[in-house]
Amino acid sequence: MSKFEYKVLHVCKQSGARVGELTTPHGKIITPVFMPVGTQATVKSLAPYEVEAAGAQIILSNTYHLYLRPGHKLVEKAGGLHKFMNWHKPILTDSGGFQVFSLSKINKITSDGVTFRSHIDGSKHLITPEKSMEIQESLGSDIMMAFDECSRYGADEREATAAMKRTLSWLDRCRKYHVNDTQMLFPIVQGNMYKNLRLQSLKETVQYAECGFAIGGLSVGEPKELMYEIMDEMQPYYPEKHPRYLMGVGSPDCLVEGVLRGIDMFDCVLPTRIARNGTAFTHNGRVVVRNGIYKEDFTPLDDKCDCYCCKNYTKAYLRHLNNAGEILGGRLLSLHNITYLTGLMDRIRTAILEDRFLDFVNAFRLSPEYKNM
RNA sequence: GGACAGGUUCCCGAGUGGCCAAAGGGAGCAGACUGUAAAUCUGCCAGCACCGCUUUCGGUGGUUCGAAUCCACCCCUGUCCA
């Protein structure tokens, strides 16, 4: 009996969007969900209790980074990633496939796998689908991602087809390697911006899905309208029984548009990265707190937010911290930004449960939260 | 009173005849950031009618085709000696 199960709890009568519950060995996740990213076994600058206080139900970590440092065997020896980093809710690990794409200058892709040089010390490594599975098993994540090739935005159809097909053949190898039932493997749909490839990839990928699947290769530089178009194209073909995870998407507007297009799970570095760079998501749109206009602004960052940052500090202080290079600035904004996004997901779920998600989307599109993002 | 050293665009600081509106930092200002090689990166930073012109390198006067750079005097700062 698998420890994994996805139950659709409610389908919005107005929009067709759904609220569901994904059961994992480390607890249940209510979808739609936003997952903060903790690449190197830490959501940058925050302690796990803070990530939890910000409303996170599950976090994402990374195969590529933890394999290089400190090494997956070390994490295994430590008792697994949950214990190592003291996060006891679910963890999803990315496969390292995205690094193939984002660090493309230092690697070489063959049908066997990817040869690359470590960005840390220049040493040479080969990651294959089997190796990615081995690493993720050592880490002990709840959800493992299949090792995929995400082709770059602007790739021609030939290149995109090759990457998509390679992703499918690698998926087959991941599946054959993966035998334990304490971890769930999510396959990844590719196909770049080509609708025919997307549909072909989706159709074949979904057959391998046991308890969920992901859509990769979007939000890689294309206009949002194009991303939405591709999603619209795929939406009618999603199986109902699986949660659908849109990888790498996390701006408030994209989350809302994503849920409308049938997505249940999202992850993104955006809230924590822009936080460290002095920008916050708020109910009034983005606030670049480091800007001069906040020098003497003694009001809270977001008066509709009751996170620790908004309850206790002013924009003037946050600006001061950021401009003084104090780490607390990035910490407080990270805490707030994650709280904001998990709060947005709460609002989305509530609207779905109350069968008014379409009204919610229409109002949201006209709000500063959407327009100033 | 004497001897050195020095005064450069918001700050520090390079520059010792033309390639200098003046290197490089810092500060300031703005922008970017979407499965994190990111507490990072990029741009602006004398003024303007901006492919050119005007005002800048302690002050004044001079030498020169041409001065932040050379000369004279003056003012100020630091260190040391009386």
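Chain A is the first sequence line, chain B the second, and so forth, proteins listed ahead of strands; every chain is numbered from 1.
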(request) Could you tell me which nucleotide pairs with B:rA38 by Watson-Crick or G-U wobble geometry, both distances under 3.5 Å, or answer none if nothing does? (result) none
(message) Under 3.5 Å, is there any donor-acceptor pair linking the side chain of A:S102 to the base of B:rU36?
(response) no
(request) Could you let me know what B:rC10 is paired to, Watson-Crick or G-U wobble, both distances under 3.5 Å, or none if it's on its own? (result) B:rG26
(message) Let's test your reading of the model: under 3.5 Å, does the base of B:rG28 pair with the side chain of A:N323 as donor and acceptor?
(response) no
(message) Tell me every residue that passes ring pair (Phe, Tyr, Trp, His ring centres under 6.0 Å) with A:Y238, counting only those two or more places apart in sequence or in another chain.
(response) A:F213
(request) Under a 3.5 Å limit for both distances, which nucleotide forms a Watson-Crick or G-U wobble pair with B:rG18, could you say? (result) B:rC65
(request) Respond yes when some side-chain nitrogen or oxygen of A:R273 is under 4.0 Å from OP1 or OP2 of B:rU34, and no when none is. (result) yes
(request) Mind calculating the distance between CH2 (A:W170) and P (B:rG35) to the nearest angstrom? (result) 19 Å
(message) Which nucleotide wins on minimum distance to the side chain of A:R290, given the candidates B:rG35, B:rA32, B:rU34?
(response) B:rA32
(request) Look through every strand shown and name the nucleotide pairing with B:rG78 as Watson-Crick or G-U wobble, where both distances are under 3.5 Å. (result) B:rC4
(message) Over all strands shown, is A:K295 touching base, sugar-phosphate only, or nothing at heavy-atom distances under 4.0 angstrom?
(response) nothing
(message) Let's test this: given Watson-Crick or G-U wobble pairing with both distances under 3.5 Å, identify the partner of B:rC45.
(response) none
(message) Would you say A:Y67 and A:H125 are linked by a side-chain donor-acceptor pair, where the criterion is simply a distance under 3.5 Å?
(response) yes
(message) Categorize A:S45 for me: base, sugar-phosphate, or nothing, with a 4.0 angstrom heavy-atom threshold over every strand shown.
(response) nothing
(request) Establish whether the base of B:rA38 is bridged to the side chain of A:R276 by a donor-acceptor pair shorter than 3.5 Å. (result) no
(message) Base, sugar-phosphate or nothing for A:I120? Non-hydrogen atoms, less than 4.0 Å.
(response) nothing
